[in-house]
Each structure stands twice: as C-alpha cells, then as structure tokens.
Amino acid sequence: MQLQGQVALITGAGRGIGKAIALRFAREGADIAVVDLNGEWAQATGEEIKGLGRRAFVKTADISDYDQVQVVVREAVGALGKLDVLVNNAGIGKAQPFLEITKENWERHLYIHLFGTFYCAQAAAREMVKHKYGRIVNIASVA
C-alpha cells in the first residue's frame, strides 16, 4: 500500500473524479478528508472509505470561501492528525458561448478554480511545513 499512514484531503470528493481519487487513495492505505459542496455526496463517499477500513473526515464546504477553507483544513488535521496530500479537484463546468458568458458565471468559475485552488493549497501547505512533508496535486481540465 503506497499511501499507508498518510492523510489526504480531496476537494470535490463527493462524486466523479474526486470520489474515484478518494477511494483509490483509501485502497492504498490513506485516511481521507472528504470535502464537497454537496453534503449528501460527501457523506456517501466517507461511508465508502470507512467500508474500506480507513478513517474518513467529511466536511461540506465551498472552497471559494477563504474562511471555510481555513476551517476545513484545521478540522481535518484535528480529526486525522496531520495532512500529507492535498488534491485540488473541485471544479464546475457551466459552459456558455463566449459572447454570452455572464459576469456571475465567469466570476464563479474564477472563484472556484483559481481562488479555491490557491486557498486550499496555501492552507494545506501551512500544515505540511510543520512536519516537513507534503504533496499538492492540482487537477485541471482541457475545457
């Protein structure tokens, strides 16, 4: 098991790619902090992780909100003891033709993909430097 004894926080882990990453990491021995905007999806992923014999911390949060990110990381470390890996996976895809993209749609994309990724990486890195180890993985899309 390649991740035995490690703790990973995965954003957007309630479904799709994030859930697949969370389950794979758990199968490889990691305990998982499951973070998603949808609490029901996050809880279901957490239960599957526990079913694999790993610990799961589940939190509903909007990663585009700086204060929520600080709480998520602090509580995840409190529950799981440390943070070794962050996977910035959360994202949205509300496509519109270029000339029709609304200000609100554009800003929501920026706040989740850009600000949220930064907020999570910074908060996680602050924890990782405490024990001089950490990995941050950012997921992107061709879209």
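Judged purely by atom type and a 3.5 angstrom limit, Asp36 uses its side chain to pair as donor or acceptor with the backbone of Gly14. Using modelled atom types, no side-chain atom of Asn89 and backbone atom of Ile139 make a donor-acceptor pair closer than 3.5 Å. Ser64 contributes no side-chain N or O that, together with a main-chain N or O of Gly116, makes up a donor-acceptor pair within less than 3.5 Å. Formation of a donor-acceptor pair under 3.5 Å by the Glu28 side chain with backbone atoms of Gln2 is found in this model. Formation of a donor-acceptor pair under 3.5 Å by the Gln68 side chain with backbone atoms of Ala61 is not found in this model. The main-chain N or O of Arg54 is never found under 3.5 Å from a side-chain atom of Asp31 such that the two would form a donor-acceptor pair. At least one donor-acceptor pair closer than 3.5 Å links the side chain of His113 to the backbone N or O of Ile92.
Glu104 has no carboxylate O lying under 4.0 Å from a charged side-chain N of Arg108, or vice versa, which leaves the two without a salt bridge. Look at Arg74 and Glu127 and you find no salt bridge, because none of the NZ, NE, NH1 or NH2 atoms lies under 4.0 Å from a carboxylate O. A salt bridge links Lys59 with Glu75: the distance from a Lys NZ or Arg NE/NH1/NH2 to an Asp or Glu carboxylate oxygen falls below 4.0 Å.
Distance check: Asn88 CG to Asn138 CG gives 4.5 Å after rounding to the nearest 0.5 Å. Residue Gln96 holds its CD atom at 4.5 Å from CG of Asn105, rounded to the nearest 0.5 Å. With values rounded to the nearest 0.5 angstrom, Leu114 atom CG is found 12.5 Å from Glu107 atom CD. The CG atom of Asp65 lies 10.5 Å from the OH atom of Tyr111; values are rounded to the nearest 0.5 Å. A distance of 10.0 Å separates CD1 in Ile32 from CD1 in Ile21, rounded to the nearest 0.5 Å.
Other residues, nucleotides and ligands contribute over 12 non-hydrogen atoms within 6.0 Å of the NZ atom of Lys50.
With a 4.5 Å cut-off on side-chain heavy atoms, Leu83 and Met128 count as touching. The closest side-chain heavy-atom distance from Val72 to Thr11 is not below 4.5 Å. Side-chain atoms of Phe25 and Val85, non-hydrogen and from C-beta on, do get closer than 4.5 Å to each other. Annotation: side chain of Trp106 is not in contact with side chain of Lys94 (no heavy-atom distance under 4.5 Å). Residues Leu9 and Val35 have side chains in contact (heavy-atom distance under 4.5 Å, counting atoms from C-beta outward).
For Thr45 and Arg15, the side-chain atoms include no donor-acceptor pair closer than 3.5 Å.
A single hydrophobic cluster is not seen to contain both Phe57 and Ile49; linkage of ILVMFWY side chains at heavy-atom distances under 4.5 Å, directly or through other members, places them apart.
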Derivation and outcome, side-chain contact (heavy atoms from CB on, under 4.5 Å), residues Arg135 and Asp84: CA-CA 6 Å; Arg135 301 292 185 264; Asp84 300 296; over 6 Å; no

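Between Tyr119 and Phe115, the ring planes lie perpendicular to each other; the angle is over 60°, past the 30° to 60° tilted range.
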